[in-house]
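Notes follow the structure.
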Number of protein chains: 2
Amino acid sequence: MAYLDRGSTTGYGRHADSEGDASWAELAKTGKSKSHRYQEHEAVYYEGDPADKVYEVVEGTVMLFKLLPDGRRQVVEVLRTGGLFGLTSKAHQDCNAETLTASVIRSIEKREIEGSTVMQQHIAKCMLTQLETLHDHAVLLGRKSAFERVASFLMRFVPERGIVGCIGPKPSGKDESLIVLAMTRQEIADYLGLTIETVSRVISDLKRRGLITIEKQDRIRITNVCGICHLTGTH
Amino acid sequence: MAYLDRGSTTGYGRHADSEGDASWAELAKTGKSKSHRYQEHEAVYYEGDPADKVYEVVEGTVMLFKLLPDGRRQVVEVLRTGGLFGLTSKAHQDCNAETLTASVIRSIEKREIEGSTVMQQHIAKCMLTQLETLHDHAVLLGRKSAFERVASFLMRFVPERGIVGCIGPKPSGKDESLIVLAMTRQEIADYLGLTIETVSRVISDLKRRGLITIEKQDRIRITNVCGICHLTGTH
DNA sequence: CGAATAGTTGATGTATCTCAAGCAGGGTGG
DNA sequence: CCACCCTGCTTGAGATACATCAACTATTCG
């Protein structure tokens, strides 16, 4: 695997990297990493905690967020299987980390990593993807309307669509996709820099326009993927 | 230098890392990196260009920005001496890179880096800082008011202040700082997710309140650093 | 000096927030 | 099993911060 891979086509928002898993598995065998099971909405660490470990989402979903003194919250990253977090150049965590769903998280002492080139390269690869995701998110937060934010958010869950070179719906029939948000309205709002009411209104409106149907609060069926994609502002 | 340094106290927005320079200088000696001088507001590369090099700001300031199809622009990073860019996991650049001031930029082919552990560690260190900066910026874009955004922006230029453990003004006399923005109002607006008019109004208001004085458009004297700091929303 | 460019200021519009009430689903206990 | 409650979500009415549109002013540069 090349250090700065020039051939990958990792999609928007995907942090997983199957190639890299080998190195973690290897470390796990040597007993140098610890896995731990977390419940839904359980804190992994808090901003300011000593930052001596690196964490990997083995299973589940984790969010990183920051709080302002008056209670305003911004979710800065949402990590899925394969995502790394706890990465910081400082002695203390810069974010809070909390599970969104029940999760399994593996942690490794940072000093263990110093010896492993493979690990370092895997971490570098993950950071590159995170950097790109954060760039896209800055555009979303700085320049997109509420509709565009929610549409972009929904498209994150549709694999192989909404990315460069998207070929549109399969010629065969329906352009649907069932997605599981695994986030409350409040978490979505804090991720998209909106209020819970605005998120709710936009979703209701998309429903009214026949672009989506709500199956169960956090399970949404996009009945017109292309329609949602065109609302993202990116295309 | 530890891979994931647990003792650094690099300040907000500072990407420079004097320790790492040695490795670049080393590569420069071997003739594997190229330096190039750029004018003010000259493009280094465009979004979609092949991403086969890594760049370092040797001197000057560089911004990375993204464009939406309708022309909306978001500046996603502002890099100063020591900052690295062109880092991406994909085959193509995800951003546009343009100088803000006349600059000297060094570039290295990505494949040259694959052999150098020192280089890789330096890059990793820089990415960690960028990740933290982008987290802070997400909070700014997602949750801060126009006043808080501009105040936070101004505080970026005041070294050793507005960071955790800030001890306030020196007991001796004035709490001043002269800063050089090196950005037009439009660039500031596109960085802060605002319009040029809003940026202008906020700056005028800060002037009216006696917190700053404008010396020359992009040279601002903060006459009350603590006052500005308390407007950032972070403290 | 005058044109071109960048920044400021004012008047008005509107997208999103705020505040407040109502609704739905899921679990609990009588 | 159903009434009740709790929590999360939705919807409405009104307020507001910021954007937009437009005119004006300051600065830069030939």
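Since the structure is predicted, the reported quantities are computational estimates derived from the model, not experimental observations. We name chains A, B, ... by the order of the sequence lines, and we start the count at 1 in each one. Any value given below was found using the heavy atoms of this structure, including those in side chains, with hydrogens, waters and symmetry copies removed.
- With rounding to whole Å, I196(B) atom CD1 is found 14 Å from dA22(D) atom C1'.
- dC18(D) atom P lies 12 Å from atom CG of L140(B), rounded to whole Å.
- On a pure distance criterion of 3.5 Å, a polar donor-acceptor pair joins the side chain of E197(B) and the base of dC21(D).
- Between atom CE of residue M183(A) and atom OG1 of residue T61(A) there is a gap of 9.0 Å, rounded to the nearest 0.5 Å.
- In this structure, K216(A) places its NZ atom 12 Å from C1' of dG8(D), rounding to the nearest Å.
- Computed from coordinates, the R185(A) CZ to dC23(C) C1' distance equals 14 Å when rounded to whole Å.
- For L192(B) and dA17(D), the CG to C1' distance is 16 Å, given to the nearest whole Å.
- The heavy-atom pair separating G233(B) from E148(B) by the smallest distance is CA-OE2, 3.6 Å.
- At the heavy-atom level, T195(B) lies under 4.0 Å from base atoms of the strands shown.
- Here L194(A) lies in heavy-atom contact (under 4.0 Å) with sugar-phosphate atoms only.
- With rounding to whole Å, L206(A) atom CG is found 15 Å from dT10(D) atom C1'.
- Comparing the local axis fitted to the first five base pairs of the helix from dC1(C)-dG30(D) to dG30(C)-dC1(D) with the one fitted to its last five gives a bend of 30°, rounded to 10°.
- If you run side chain to side chain contact (heavy atoms under 4.5 Å, CB included) between Q74(A) and each of L192(A), L141(A), L67(A), only L141(A) comes through.
- A salt bridge links D205(B) with R209(B): at least one charged nitrogen is closer than 4.0 Å to a carboxylate oxygen.
- Going from atom CG of D205(B) over to atom C1' of dT9(C) covers 12 Å, rounded to whole Å.
- Using a 4.0 Å heavy-atom cutoff across all strands shown, S200(A) reaches at least one base atom of the nucleic acid.
- Residue-to-nucleotide contacts include a donor-acceptor pair under 3.5 Å from the side chain of R201(B) to the base of dG10(C).
- In this structure, N96(A) contributes its side chain and E98(A) its backbone to no donor-acceptor pair below 3.5 Å.
- T198(A) has no side-chain polar atom (N or O) that falls below the 4.0 Å cut-off from OP1 or OP2 of dT16(C).
- For T184(A), whose side chain is taken as the heavy atoms from C-beta onward, the closest listed nucleotide among dC9(D), dC18(D), dG7(C) is dC9(D).
- Between the NZ atom in K90(B) and the CD atom in E132(A) there is a gap of 4.0 Å [rounded to 0.5 Å].
- Looking at H41(A) and E187(A), their side chains do bring a donor and an acceptor atom within 3.5 Å of each other.
- For the pair A146(A) and I214(B), both in contact range of DNA chain C, the more 5′-proximal nearest nucleotide belongs to I214(B).
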